[in-house]
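Shown next, in structure tokens, is the structure this report addresses.
For clarity, every value in this text was computed on a predicted model and none was experimentally measured. Heads up: numbering here begins at 1 and tracks the sequence.
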Amino acid sequence: MFRGEEVPAKERFDCWRELIGRTRDSEMTSAHAADFQAEMRRLELGQVTLLRSSFPPARFRRTAARVRRSDPEVYHLTLVLDGGLSLARDDRGPTAVFGPGELYALDSSQPYDVRGLGARTAGRGPRRVEALGVDFPVSALPVPPDRARELMGRGFSRREGTPALLADFLVGLDRQATLLGPAEAPRLGTVVVDLVSAWLARELDAEAAVPDDARRRAIVEHVRAFIRRNLHDPGLTPSVIAAAHHISVSYLHRVFSQHTQGETVAAWIRGRRLEKAHRDLADPALRALPVHAVAARCGITRPSDLSRAFRAAYGLSPSEHRHRALSGRAGG
């Protein structure tokens with residue numbers, strides 16, 4: 001984790017530029033280099049690198065000469081969280097501008113000129129850009145490079161479809177970065193590549209290029225995201241989930257158990273509902289909500305079902321957990 005305030009002012013920009021340059025080799029400049037207030041978190045996920053950055057306006061220019069001198073053959077995926085980024089790609093059309101919630105990809109084998117535009121801050125400091133970046137080798141993507149390049153530099157919204165799932169997955173990874181163990185990292189990196197592959201293949205109508213195993217892993221992530229969004233619905237069943245994803249119930253059960261260490265769809269739903277109830281009962285903002293209403297928010301229609309499953313999972317009743325959690329907050 002890099003924080004600008006932890007580094008002497010005259011060294012901040014060079015330090016931040018070195019960290020970015022490990023996977024995104026470009027000429028970096030900024031009008032704020034003399035006192036560069038930036039933050040960056042790097043998360044290594046096997047062959048995938050996740051970058052969470054916050055920085056004032058800056059420019060990242062990868063020239064044709066730089067490409068000829070050294071090309072690591074890496075794809076760069078960027079999700080803008082706040083502020084904006086402009087992209088110019090030589091003679092490949094006009095400058096594009098990407099705002100919050102937009103996703104775009106670049107290829108280290110092609111020149112580019114990216115400028116961070118920044119958003120206004122509450123204080124008097126310079127505008128800032130907030131972004132999540134993903135870098136991985138071109139060779140990791142099953143989609144042929146010449147086809148993938150058709151989508152380089154185009155913006156995609158994170159509001160729907162596979163881009164939405166991919167964006168939510170990346171944001172979730174960033175939030176859980178400090179809790180991830182080293183054994184989990186390569187598997188999660190594989191899921192990231194699978195989701196990117198599924199997204200690009202669908203855009204290019206080239207699903208056949210994606211290996212069956214990668215396609216199955218992407219389906220499982222789609223199913224998990226669908227379940228999380230619909231936990232409140234007591235009618236959430238394997239048949240409903242299968243219909244929503246245009247697959248058979250038997251296929252759903254088969255691929256899900258293959259990628260969840262044998263856990264069934266129904267068991268995974270129960271587990272996520274209990275986790276949500278556990279969080280909601282400890283939330284001070286929901287302290288006035290009766291336990292049965294918390295159960296209903298989690299798609300559990302009978303409070304007795306929640307009590308029995310909750311005690312089996314956590315060793316105490318929902319009311320006892322709420323009392324301990326909220327009393328502890330009050331005492332703190």
Side-chain angles (χ1 to χ4, degrees), residues 1-6 15-24 36-56 58 60 74-85 98-106 114 116-119 121 127-137 140-141 155-200 217-218 220-222 224-229 272 275-276 279:
M1 179 73 177
F2 167 81
R3 289 189 176 89
E5 66 269 16
E6 297 174 354
C15 182
W16 186 78
R17 182 166 51 186
E18 190 274 330
L19 288 172
I20 289 282
R22 291 180 187 178
T23 51
R24 300 194 172 198
F36 200 72
Q37 298 289 344
E39 294 183 2
M40 182 193 298
R41 176 165 53 230
R42 289 178 63 92
L43 185 61
E44 303 295 341
L45 304 168
Q47 60 185 341
V48 174
T49 299
L50 180 69
L51 303 172
R52 172 65 164 87
S53 56
S54 172
F55 55 95
F60 312 84
V74 172
Y75 286 130
H76 308 303
L77 188 71
T78 301
L79 171 63
V80 182
L81 301 175
D82 198 14
L85 293 168
F98 307 107
E102 289 190 281
L103 196 67
Y104 71 92
L106 290 175
V114 174
L117 308 177
T121 59
R127 294 169 176 259
R128 299 188 70 78
V129 177
E130 308 277 344
L132 268 174
V134 177
D135 300 330
F136 57 89
L141 198 69
F156 297 86
S157 171
R158 64 172 289 186
R159 293 179 181 175
E160 58 184 21
T162 305
L165 175 62
L166 173 61
D168 289 346
F169 189 80
L170 297 179
V171 170
L173 278 181
D174 177 58
R175 287 174 178 164
Q176 299 295 321
T178 58
L179 304 176
L180 297 177
E184 298 173 281
R187 181 183 67 81
L188 293 170
T190 298
V191 173
V192 171
V193 174
D194 288 342
L195 293 176
V196 174
S197 301
W199 163 42
L200 297 184
R217 285 192 295 263
V220 170
E221 291 307 320
H222 272 282
R224 285 172 166 165
F226 181 83
I227 291 171
R228 292 189 187 99
R229 291 196 304 271
R272 304 297 79 71
E275 289 176 357
K276 177 172 172 54
R279 290 193 304 271

Discussion item. Going by the rule salt bridge (charged side-chain N to carboxylate O under 4.0 Å, His left out), which residues pair with R228 if we only count those two or more places apart in sequence or in a different chain?
Written reply: none
Fill in: Validation row: V134, V48 side chains within 4.5 angstrom (heavy atoms)
yes
Worksheet entry | Nearest atoms (heavy-atom pairs only) where A225 meets L165 | CB-CD1, 3.3 Å
Discussion item. Strictly below 4.0 Å, N to O, side chains only: are R217 and E221 in salt-bridge contact?
Written reply: no
Fill in: Donor-acceptor under 3.5 Å (R158 side chain, L103 main chain)
no
Discussion item. What's the separation between atom CG in L19 and atom OG in S53, rounded to the nearest 0.5 Å?
Written reply: 11.0 Å
Fill in: Nearest heavy-atom neighbours spanning P163 and S157
CB-O, 3.4 Å
Response to the item:
CG (L117) and CZ (F98) are apart, to the nearest 0.5 Å, by 11.0 Å
Fill in: Charged N-O contact under 4.0 Å between E44 and R42
yes
Worksheet, complete the sentence: Heavy-atom nearest pair, L77 first then A105, reads CD1-CB, 3.9 Å
Worksheet item: Do you know which two heavy atoms are closest between T23 and V74, and how far apart they sit?
Response: O-CG1, 4.5 Å
Item to complete: Kindly compute the distance separating CG (D194) from CZ (F169), expressed to the nearest 0.5 Å.
Response: 9.5 Å
Worksheet item: Once you round to the nearest 0.5 Å, how far does CG of D135 lie from CG of L45?
Response: 11.5 Å
Worksheet item: Is there a donor-acceptor pair closer than 3.5 Å between any side-chain N or O of R272 and the backbone N or O of R224?
Response: no
Worksheet item: At what distance, to the nearest 0.5 angstrom, does CG of L51 lie from CG of D174?
Response: 10.5 Å
Worksheet entry | Min side-chain heavy-atom separation Y75-L200 under 4.5 Å | no
Discussion item. Any heavy-atom pair between the side chains of L43 and R52 that's under 4.5 Å?
Written reply: no
Discussion item. On a heavy-atom basis, which atom in R159 and which in A164 lie closest, and how many Å separate them?
Written reply: C-CB, 3.7 Å
Worksheet item: Given side chains that start at C-beta, do those of V171 and L79 come closer than 4.5 Å, heavy atoms only?
Response: yes
Worksheet item: What distance separates R22 CZ from R17 CZ, expressed to the nearest 0.5 Å?
Response: 14.0 Å
Discussion item. Is there a side-chain contact between V114 and R24 in this structure, where contact means two heavy atoms from C-beta onward sitting under 4.5 Å apart?
Written reply: no
Fill in: Heavy-atom pair of closest approach, residues G99 and V80
O-CB, 3.4 Å
Worksheet item: Are any non-hydrogen side-chain atoms of V192 and L50 less than 4.5 angstrom apart?
Response: no
Worksheet, complete the sentence: For F55, the ring-ring contact (aromatic ring centres under 6.0 Å, His included) test, sequence neighbours excluded, returns W16, F60
Item to complete: Answer yes or no: is there a side-chain heavy-atom contact under 4.5 Å between Y104 and L85?
Response: yes
